Amino acid sequence: MRTWLLIDAGNTRIKWALADSAGDAWLAQGAAMHADAADLAVQWSAAFATAQPARVLAANVAGAAVRTRLEQMLAATAPGVAVEWFASSAQRAGLVNGYRNPTQLGCDRFAAAIGARTLVPGCPVIVANCGTATTVDAIDAAGRFIGGMILPGLGLMASSLARNTAQLPQIQPGTLLPSPFGDNTDDAILAGCLSAQAGAIGRAYAGHGAVECLLSGGAAPYIAPLLAQTPGLVLRHVDNIVMKGLHAVVRAEG
Ligand SMILES: Nc1ncnc2c1ncn2[C@@H]1O[C@H](COP(=O)(O)OP(=O)(O)O)[C@@H](O)[C@H]1O
Ligand SMILES: CC(C)(COP(=O)(O)O)[C@@H](O)C(=O)NCCC(=O)O
Ligand SMILES: [K+]
């Protein structure tokens, strides 16, 4: 059985998993912030001692320098193993890309949509990936990515207030108190940013007539409790929907 290394390089963190075609579970997984990217070589050396990947499929939205860095670390830890840089295209693994220019769609969003289609086949679904940016994307019952929303992620929303005002502090991430109205500055910022995130996702869900909302990304645990209060919204937290989509691609294509 072939083993694949799947990589999701976002703008904050690089996530990876080792997978095979036998099941949904990862054989190994890890992550590193960009500043600690060298840790990946250490993590991979340990993981590849038990299972050497036959193929690497990597989705990178973090730029050319990150791609070069990853190529160097892969050449050192898995010499000779081919690396495919996953890119958005008009159609792949049963998903049709409805972006006006299909290649303009972030490849992590394309992968996440493939993952969503795999988890919720034959139904309209919303996939929200709450990372550096928050993306909220709609897939229809026929398996067509019809489009989506891009907004600043939770961390970016909060830090932009701190950076561009005299009186607002940098808040720590957290979940909302029972009241949607903060009675102090930190809670008011948190209430505003979380409501903006959950509000956009809820609006997308209702507008699309989705049967389920898949929520993923580093900020998902903070947004989930508020989003779960949206009447009629069926919520499922998926640990890494981008990697689930990459796994679906390699399984479909062998
Ligand atoms: N321990 C953590 N490390 C990094 N980001 C975190 C952490 N906990 C929550 N976050 C939030 O998750 C976001 C990063 O999520 P992630 O899905 O890895 O993003 P990306 O795919 O853009 O790299 C941060 O912007 C922050 O809001
Ligand atoms: C929207 C994104 C910045 C999200 O990146 P992330 O938050 O996962 O790091 C990325 O998908 C991207 O650069 N997209 C290209 C533009 C588009 O999708 O239309
Ligand atoms: K994202």
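Atoms within a ligand are numbered from 1 in the order they appear, just like the ligands themselves. Since this is a predicted model, take the numbers as computed values, not measurements.
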### Query
At what distance is the nearest protein heavy atom to atom 7 (O) of ligand 2, and which residue and atom is it?
Ala133 N, 2.8 Å
### Query
Side chain of Arg117, backbone of Ala141: donor and acceptor closer than 3.5 Å?
yes
### Query
Is atom 6 (C) of ligand 1 less than 4.0 angstrom from at least one protein heavy atom?
no
## Note on the structure
Interatomic distance, CZ@Arg92 vs CZ@Phe86, rounded to 0.5 Å, equals 5.5 Å
### Query
Can you tell me if Arg69 uses its side chain to pair, donor with acceptor, with the backbone of Ala64 under 3.5 Å?
no
### Task
Specify the protein heavy atom at minimum distance from atom 13 (O) of ligand 2: its residue, its atom name, and the distance to 0.1 Å.
Val61 CB, 4.3 Å
## Note on the structure
So the atoms of ligand 1 within less than 4.0 Å of a heavy atom of Gly217 turn out to be 17 (O)
#### Entry: Thr132 and Thr12 side chains, donor-acceptor separation under 3.5 Å
yes
### Query
Below 3.5 angstrom, do we get any N/O pair linking Tyr99 and ligand 2?
yes
### Task
Quick one: look up the protein heavy atom nearest atom 21 (O) of ligand 1 and list residue, atom name and how far away it is.
Lys15 NZ, 2.7 Å
### Message
List ligand 1 atoms under 4.0 Å from Thr132, heavy atoms only on the residue side.
### Response
19 (O), 20 (P), 22 (O), 23 (O)
### Query
Are Leu70 and Val81 connected, step by step, through hydrophobic side chains (Ile, Leu, Val, Met, Phe, Trp, Tyr) whose heavy atoms are closer than 4.5 Å?
yes
### Query
Which protein heavy atom lies closest to atom 17 (O) of ligand 1, and at what distance to 0.1 Å?
Gly218 N, 2.9 Å
### Query
Is Leu154 near ligand 1, meaning one of its heavy atoms is under 4.0 Å from it?
no
#### Entry: Donor on one side chain, acceptor on other, Trp85 and Glu71, under 3.5 Å
yes
### Task
Using atom types as modelled and distance alone, determine if a side-chain donor or acceptor of Tyr205 lies under 3.5 Å from a backbone N or O of Val211.
yes
### atom 19 (O) of ligand 1: nearest protein contact (heavy atom, Å)
Gly131 CA, 3.3 Å
### Query
Short question: side chain of Asn164, backbone of Ser160 - any donor-acceptor pair under 3.5 Å?
yes
### Message
Need the ligand 2 atom indices (1-based, order shown) with element for anything under 4.0 Å from a heavy-atom of Gly10.
### Response
9 (O)
### Summary
Under 4.0 Å from one or more heavy atoms of Arg109, ligand 2 contributes atoms 11 (O), 17 (C), 18 (O), 19 (O)
### Query
Any sub-3.5 Å donor-acceptor pair from Tyr99's side-chain atoms to Ser88's backbone N or O?
no
### Query
What protein heavy atom sits nearest atom 1 (C) of ligand 2, and how far off is it?
Thr135 CG2, 3.7 Å
### Element-labelled atoms of ligand 1 that are located less than 4.0 Å from some non-hydrogen atom of Ala219
11 (C), 12 (O)
### Query
Under 3.5 Å, N or O to N or O, is Thr12 touching ligand 1 that way?
yes
### Query
Would one find an N or O of Asn129, backbone or side chain, under 3.5 Å from an N or O of ligand 1?
no
### Message
For Asp24, is there an ion pair with Arg251 - N to carboxylate O distance below 4.0 angstrom?
### Response
yes
### Query
With atoms numbered from 1 as shown, which atoms in ligand 1 lie under 4.0 angstrom from a non-hydrogen atom of Tyr222?
9 (C)
#### Entry: Check: Gln197 side chain, Pro152 main-chain N or O, donor-acceptor pair, under 3.5 Å
yes
### Distance-only N or O hit between ligand 2 and Asp108, under 3.5 Å
yes
### Which of the ligand 1 atoms, numbered from 1, are nearer than 4.0 Å to a heavy atom of Gly155
27 (O)
### Summary
closest protein heavy atom to atom 16 (C) of ligand 2 is Gln104 O, 3.6 Å
#### Entry: Under 3.5 Å: donor-acceptor pair, side chain of His208, backbone of Ile139
yes
### Query
Taking the side chain from Gln43 and the backbone from Ala31, do they hold a donor-acceptor pair closer than 3.5 Å?
yes
### Summary
min-distance protein heavy atom vs atom 2 (C) of ligand 1 -> Arg13 CD, 4.9 Å
### Message
Between ligand 2 and Leu105, is the shortest N or O to N or O distance under 3.5 Å?
### Response
no
### Expected output: side-chain Ser195 to main-chain Gly192 donor-acceptor under 3.5 Å
no
### Query
Is Gly153 close enough to the K ion (ligand 3) to have an N, O or S atom under 3.4 Å?
no
### Task
Starting from atom 3 (C) of ligand 2, locate the nearest protein heavy atom and write down its residue, its atom name and how far away it is, to 0.1 Å.
Asn11 ND2, 3.8 Å
### Task
From atom 14 (N) of ligand 2, work out which of Gly106, Gly148, Ala111 has a heavy atom at the shortest distance.
Gly106
#### Entry: Presence of N, O or S from Thr134 under 3.4 Å of the K ion (ligand 3)
no
### Query
Is there a donor-acceptor contact under 3.5 Å from the side chain of Asn97 to the main chain of Ser89?
yes
